[in-house]
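Quick note: residue numbers are just sequence positions, from 1.
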Amino acid sequence: MPSVKVLEQKKQVVAELAEKLKEAKSAVVVTYQGITVEDDTKLRADLRKAEVEYKVYKNSIIGRAMEEAGYGAIKENLFGMCAVAFSAKDEVTPAKILKEYAEKVSTFELKAGFVDGGVIDAKAVEELASTPNKETLVCKVMGCMKSPVYGLAYALQAIIDKAEGTPAEAE
């Protein structure tokens, strides 16, 4: 049986992870088995650049932290060698980067995650990874909104130009 000191340390780790998960916009749980040290180092560097935190914890710690954070349904996916990646800044980036590595390494597997307060399965994580980030989506919406306005402005300007051109041609 673990000592009181060890149990307190584990409770502290669970509490810290749960707090980070509560603040996160999204998280993804993966099986990292079979990834080489070289690939793992590159993966961690890519995640760090994108400001995504990636950690390997015991499954019991991840499970308890997810439960505390309100994502207890993820516990059923915690078997094998698991790691968790989460971001407090972007909903899409953790899924996008991890999906890239899952495509390269057959044993590296997306398991589950959460986004926008709800738990999602591996298939939904893959769909999330194919979604453009928030800034791109906002730009696309703005482009769609301004396109008809520009069209109207050009049409009105053409009418004005034609009307101004008619008297000059008559002279």
Side-chain angles (χ1 to χ4, degrees), residues 1-140:
M1 182 159 167
S3 70
V4 174
K5 184 178 178 181
V6 171
L7 284 175
E8 287 302 315
Q9 288 174 340
K10 287 183 179 183
K11 284 181 184 178
Q12 181 67 29
V13 170
V14 168
E16 287 173 7
L17 179 57
E19 192 59 39
K20 288 178 180 180
L21 292 172
K22 286 177 188 174
E23 294 172 3
K25 292 191 177 197
S26 70
V28 177
V29 176
V30 297
T31 299
Y32 67 92
Q33 184 173 354
I35 190 169
T36 64
V37 174
E38 182 181 333
D39 284 341
D40 187 54
T41 303
K42 189 171 187 282
L43 169 65
R44 288 174 187 266
D46 289 348
L47 289 167
R48 244 188 323 277
K49 276 187 232 168
E51 297 182 42
V52 175
E53 191 167 339
Y54 175 79
K55 289 255 187 170
V56 175
Y57 294 100
K58 291 178 87 174
N59 292 342
S60 59
I61 289 176
I62 296 172
R64 286 191 179 109
M66 288 290 186
E67 219 170 84
E68 273 187 40
Y71 306 109
I74 288 180
K75 286 176 71 172
E76 68 188 41
N77 296 290
L78 298 175
F79 53 88
M81 299 169 60
C82 293
V84 63
F86 48 90
S87 173
K89 295 190 177 197
D90 186 21
E91 294 87 352
V92 179
T93 303
K96 200 173 282 267
I97 294 172
L98 293 172
K99 182 184 178 211
E100 209 176 282
Y101 280 85
E103 290 171 351
K104 292 178 187 174
V105 181
S106 62
T107 56
F108 188 86
E109 175 186 358
L110 302 172
K111 291 187 144 195
F114 69 81
V115 66
D116 201 26
V119 175
I120 57 176
D121 63 1
K123 185 177 178 185
V125 171
E126 287 183 22
E127 289 173 12
L128 178 64
S130 63
T131 304
N133 64 15
K134 186 176 182 178
E135 291 79 21
T136 304
L137 290 175
V138 168
C139 289
K140 285 183 178 185

- Query: Is there side-chain contact between Phe108 and Leu98, with heavy atoms separated by less than 4.5 Å?
  - Reply: yes
- Determine whether Thr107 and Thr31 make a side-chain contact, defined as any pair of heavy atoms from C-beta on separated by less than 4.5 Å.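 When only atoms from C-beta onward are counted, Thr31 and Thr107 do not touch, as no gap falls below 4.5 Å.
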- Task: With sequence neighbours left out, write down each residue that passes side chain to side chain contact (heavy atoms under 4.5 Å, CB included) with Glu16, or none if nothing qualifies.
- Result: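 Applying side chain to side chain contact (heavy atoms under 4.5 Å, CB included) to Glu16 gives Gln12.
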- Ala24: side chain to side chain contact (heavy atoms under 4.5 Å, CB included) partners, not counting sequence neighbours: Phe86, Phe114
- Task: For the pair Leu43 and Ile35, evaluate side chain to side chain contact (heavy atoms under 4.5 Å, CB included) and give the outcome as yes or no after the intermediate values.
- Result: CA-CA 10 Å; Leu43 169 65; Ile35 190 169; 4.2 Å; yes
To check you understand the geometry: which heavy-atom pair defines the closest contact between [X] and [Y], and what is its length?
{"X": "Met66", "Y": "Val84", "value": "CE-CG2, 4.0 Å"}
{"X": "Ser87", "Y": "Pro94", "value": "CB-CG, 3.7 Å"}
{"X": "Ala27", "Y": "Leu21", "value": "CB-CD2, 4.2 Å"}

- Item | From CA spacing to verdict: side chain to side chain contact (heavy atoms under 4.5 Å, CB included), Val14, Glu68 | CA-CA 9 Å; Val14 168; Glu68 273 187 40; 3.4 Å; yes
Hey, could you give me each pair passing salt bridge (Lys or Arg N to Asp or Glu O under 4.0 Å) that has a residue in [range]? Not counting sequence neighbours.
{"range": "residues 29-41", "result": "Asp40-Arg44"}
{"range": "residues 121-132", "result": "none"}
{"range": "residues 103-113", "result": "Lys99-Glu103"}

- Task: Using the side chain to side chain contact (heavy atoms under 4.5 Å, CB included) rule, take Glu91 and Thr131 through it: C-alpha gap first, then chi angles, then the decisive distance, then the call.
- Result: CA-CA 10 Å; Glu91 294 87 352; Thr131 304; over 6 Å; no
Kindly list each side-chain donor-acceptor pair under 3.5 angstrom involving residues 46-59, sequence neighbours excluded, with atom names and distances?
unit_1	atom_1	unit_2	atom_2	d
Asp46	OD2	Tyr101	OH	2.8
Glu51	OE1	Lys89	NZ	2.7
Glu53	OE2	Lys20	NZ	2.8
Asn59	ND2	Gly80	O	2.9

Please list, one pair per line, the donor and acceptor atoms closer than 3.5 Å that link side chains of residues 69-78 to other protein atoms, with sequence neighbours excluded.
unit_1	atom_1	unit_2	atom_2	d
Lys75	NZ	Glu67	OE2	2.6

- Item | Distance in Å, Ser26 OG paired with Ile120 CD1, rounded so as to fall on 0.5 Å steps |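 Ser26 atom OG to Ile120 atom CD1 measures 7.5 Å (nearest 0.5 Å).
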- Item | Nearest-0.5 Å distance that lies between atom CD in Gln33 and atom OG in Ser106 | 10.5 Å
- Full working for side chain to side chain contact (heavy atoms under 4.5 Å, CB included) between Cys82 and Ile62: CA-CA 9 Å; Cys82 293; Ile62 296 172; 4.2 Å; yes
